[in-house]
Amino acid sequence: RNLISKSAFSGINVQDGVEGLDNHCQIVNNLIGTSPNGNTAAPNFTGITMSGDHCLIDANRIVGNTTDGIVLNNTYGVRIQRNIIGLTVNGNGLQNSGVGIRFTAFPDTNVVGAPLSTYEWGLRNTIRFMAEAGIVMPAGIQNTIRSNEIRDNGIGGDGLDIDLGPPGPNPNDVDDANSALANRGQNF
């Protein structure tokens, strides 16, 4: 595995993708934002910044970064599975000082955890002890967030675990017909 720490920018930064070619890039089994023992912070500014499409982010430990664990910038078809975000090797909380996974711009068809075809618990991500929310998605459609363990986020553990649309809790709407909101305003 790689140890990726102490970068003034992103620990890993992917800028481009190949349309129609799944898993053309893979970020697998790395320690990101931690010291070699996996228990002490050695922060990057951001753990992973992904602007490429159809990439796989799998089985990484992402802790202690100055801002977010993973940032997806207008991505398509990225799969995020089996990552541990916010917990050390010893199982103690070591937050990223922003959110666990942040979607920006207008993401589409990304999968966090298990795809729609399965409820496989083994593909879950663990996202805990973030300073802010676990996952933030202000816009985008057809993104799947399933079979993950997302809890204890926000200061004191009382933050939102998944924050869709404008920041903070949003009221349920009547029929989810609003396509401008993240995942069409999916109700909680």
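When reading the values below, keep in mind they use all heavy atoms of this one structure, side chains included, and skip hydrogens, waters and symmetry mates. Owing to the predicted nature of the structure, the values given are computational and were not obtained by experimental measurement.
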Donor-acceptor under 3.5 Å ([X] side chain, [Y] main chain):
X	Y	answer
Asn83	Asn60	yes
Ser35	Ala41	no
Asn143	Pro107	yes
Asn96	Asn65	yes
Arg82	Gly122	no
Asp163	Gly168	yes
Thr109	Gly77	yes
Asp53	Thr75	no
Asn148	Arg124	no
Asn39	Asn37	yes

State whether a side-chain donor-acceptor pair under 3.5 Å links Thr46 with Thr67. yes

Check whether the side chains of Thr104 and Asn73 place a donor and an acceptor atom closer than 3.5 Å, and report yes or no. yes

[X] side, atom [atom1]; [Y] side, atom [atom2] - distance, nearest 0.5 Å:
X	Y	atom1	atom2	answer
Leu3	Thr34	CG	OG1	7.0 Å
Leu94	Thr40	CG	OG1	8.0 Å
Asn29	Arg1	CG	CZ	4.5 Å

Do [X] and [Y] share a hydrophobic cluster, counting only Ile, Leu, Val, Met, Phe, Trp and Tyr and linking them when any side-chain heavy atoms are less than 4.5 Å apart?
X	Y	value
Ile85	Val63	no
Val136	Ile101	no
Ile127	Leu72	yes
Ile62	Phe103	yes
Ile162	Ile70	yes

Minimum heavy-atom distance [X]-[Y], with the two atoms named:
X	Y	result
Phe106	Tyr76	O-OH, 4.0 Å
Arg128	Met130	O-CE, 2.9 Å
Ile145	Met137	CD1-CE, 3.7 Å
Cys25	Met50	SG-CE, 4.5 Å

Only counting residues at least two apart or in another chain, list the ones meeting side chain to side chain contact (heavy atoms under 4.5 Å, CB included) with Ile4.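 Counting only residues at least two positions away or on another chain, Ile4 forms a side chain to side chain contact (heavy atoms under 4.5 Å, CB included) with Asn2, Ile12, Asn30, Ile32, Asn44.
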
Please list, chain by chain and in numerical order, all residues satisfying side chain to side chain contact (heavy atoms under 4.5 Å, CB included) with Glu132, sequence neighbours excluded. Val99, Arg102

Test side-chain contact (heavy atoms from CB on, under 4.5 Å) on Arg61 and Val89; report intermediate values, then the result. CA-CA 8 Å; Arg61 186 169 301 270; Val89 169; 3.7 Å; yes

